[in-house]
Amino acid sequence: MNEHARYEAHQRVLAAAVPFADRDVIAAVLADADSAMAESAVAAHIGRIAATGVDFASWASTVRPLLSGRAFLLRCLDEWCLFDEVRKGVVPEEERLRSASDWLQRKISAEAVSPDLLELLATTGRTKRVRAEAARRRREHPPPTPPRPGAAEVIREHVDAFNSRDLEGLLAGFTDDAVWITGTSVARGRAELAELFGNAMAGLLPSLVVDNLLVVGDRAACQLTEELSAGGERLTFSIAGFYQLRDGRIASAKIYREGSAEIA
């Protein structure tokens with residue numbers, strides 16, 4: 001039987017073998033006197049197994065000892081293992097991706113959907129073709145929009161920033177046109193809010209504790225206990241705050257303090 005006929009015979013036997021029960025078949029094929037032809041048949045089998053949906057990493061670990069000393073087949077197995085990781089959403093280390101063959105880089109650039117992986121290939125791909133394809137598909141698969149924080153999370157982050165005197169972090173939680181109403185005082189926009197909260201943090205040394213928080217969509221009602229310094233004393237007040245959010249930030253708030261909303 002000539003080498004072409006033996007190759008076809010090896011392919012039929014390998015294709016009929018059941019994954020994880022194919023070690024003896026692979027070993028028998030690799031025993032063929034024509035090592036180049038035998039390795040080509042086994043390489044095709046590796047690619048076929050990778051496409052079946054079996055646990056490829058586990059299967060690869062069972063057949064790897066059979067490939068000892070066969071650099072071509074070990075490289076083939078490693079490349080399919082790397083592609084299997086990519087298919088599962090893993091972004092490989094840059095060096096592993098750089099060392100991948102042109103064939104594998106082309107395959108990944110054509111099939112991967114991870115924006116991070118496509119961005120990496122668009123800048124480090126070995127060939128212009130790979131970089132261009134990865135860049136094109138990167139535009140088709142932009143990174144997902146981070147989930148907008150819920151109203152409860154926004155209010156608690158606001159209180160945490162207030163208590164830690166983090167004015168920058170506090171202001172980041174407001175929309176640019178936010179309105180803050182306390183009694184008869186109204187602050188509009190970031191500049192006025194910065195002055196309001198900056199003065200309060202420096203002069204009153206306040207701290208807040210959230211006692212109750214009710215959220216309905218982008219609206220929140222919050223009962224708080226406030227402790228602050230005024231007239232040389234530490235005072236404690238109950239506060240009710242009503243907040244309207246927009247795009248995950250505070251757009252307006254109205255604050256009611258027990259007794260009076262104003263601090264002399």
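Quick caveat: nothing in here was measured; it's all calculated off a predicted structure. Hydrogens, waters and symmetry mates are skipped; everything else that's a heavy atom, side chains included, is used.
In this structure Y243 satisfies the ring-ring contact (aromatic ring centres under 6.0 Å, His included) test with no other residue, sequence neighbours excluded. Taking R70 as the reference, E39 meet the salt bridge (Lys or Arg N to Asp or Glu O under 4.0 Å) condition, with sequence neighbours excluded. Contacts of H10 classified as ring-ring contact (aromatic ring centres under 6.0 Å, His included), with partners at least two apart in sequence or in another chain: none. Applying the salt bridge (Lys or Arg N to Asp or Glu O under 4.0 Å) rule to E94 yields the partners R98; only residues at least two apart in sequence or on another chain are considered. Remark: R234 engages E227 in a salt bridge (Lys or Arg N to Asp or Glu O under 4.0 Å) (not counting sequence neighbours). Not a single side-chain hydrogen bond (donor to acceptor under 3.5 Å, both in side chains) links E195 to another residue, sequence neighbours left out. Partners of D177 by salt bridge (Lys or Arg N to Asp or Glu O under 4.0 Å), not counting sequence neighbours, listed by chain and number: R246. Taking E111 as the reference, F83, K107 meet the side chain to side chain contact (heavy atoms under 4.5 Å, CB included) condition, with sequence neighbours excluded.
Rounded to the nearest 0.5 Å, atoms CG (N2) and CE (M37) are 9.5 Å apart. Between atom CG of residue L30 and atom CG of residue L66 there is a gap of 7.0 Å, rounded to the nearest 0.5 Å. The distance from the CD1 atom of I108 to the OG atom of S114 is 10.5 Å, given to the nearest 0.5 Å.
In summary, D78 and R64 engage in a salt bridge, as defined by a charged side-chain N under 4.0 Å from a carboxylate O. Under the 4.0 Å criterion applied to side-chain N and carboxylate O atoms, R75 and E79 are assigned as salt-bridge partners. Salt-bridge formation is not detected for the pair E93/R96: no Lys NZ or Arg NE/NH1/NH2 atom is positioned less than 4.0 Å from an Asp or Glu carboxylate oxygen.
For the residue pair A151 and V215, the shortest heavy atom distance occurs at CB-CG1, 3.6 Å. Considering every non-hydrogen atom in both A220 and L213, the closest pair reads CB-CD1, 4.3 Å. Of all non-hydrogen atoms in S61 and S58, the two that sit nearest each other are OG-O, 2.6 Å. Between A200 and P206 the shortest heavy-atom distance is O-CD, 3.3 Å. Nearest heavy atom pair, residue E226 against residue I239, reads OE1-CD1, 3.1 Å. Between V159 and V210, the closest heavy-atom pair is CG2-CG2, 3.9 Å.
Between the side chains of W180 and T182, at least one donor N or O sits under 3.5 Å from an acceptor N or O. Side-chain contact annotation: Y7 with Q11, donor-acceptor N/O pair under 3.5 Å present.
A salt bridge (Lys or Arg N to Asp or Glu O under 4.0 Å) check over residues 154-174, counting only residues at least two apart or in different chains, returns nothing. Within the structure, the salt bridge (Lys or Arg N to Asp or Glu O under 4.0 Å) test picks out the following pairs touching residues 198-219 (sequence neighbours left out): R148-D218. Applying the salt bridge (Lys or Arg N to Asp or Glu O under 4.0 Å) test to every pair with at least one member in residues 22-35, sequence neighbours left out, gives these pairs: R6-D32. Applying the ring-ring contact (aromatic ring centres under 6.0 Å, His included) test to every pair with at least one member in residues 98-125, sequence neighbours left out, gives these pairs: W80-W103.
Side chain of N163 to main chain of L208: a donor-acceptor pair is present (N/O by atom type, distance under 3.5 Å, no hydrogens or angles). Side-chain atoms of R137 come within 3.5 Å of backbone atoms of S109 as a donor-acceptor pair (strictly under, hydrogens ignored).
Atom CZ of R188 sits in a sparse spot, with 12 or fewer heavy atoms from other residues, nucleotides or ligands closer than 6.0 Å.
With F174 as the aromatic partner, R249 does not meet the cation-pi criteria of under 6.0 angstrom to the ring centre and within 45 degrees of the ring axis.
Linking ILVMFWY side-chain heavy atoms closer than 4.5 Å, directly or via other members, places F20 and V63 in a single hydrophobic cluster.
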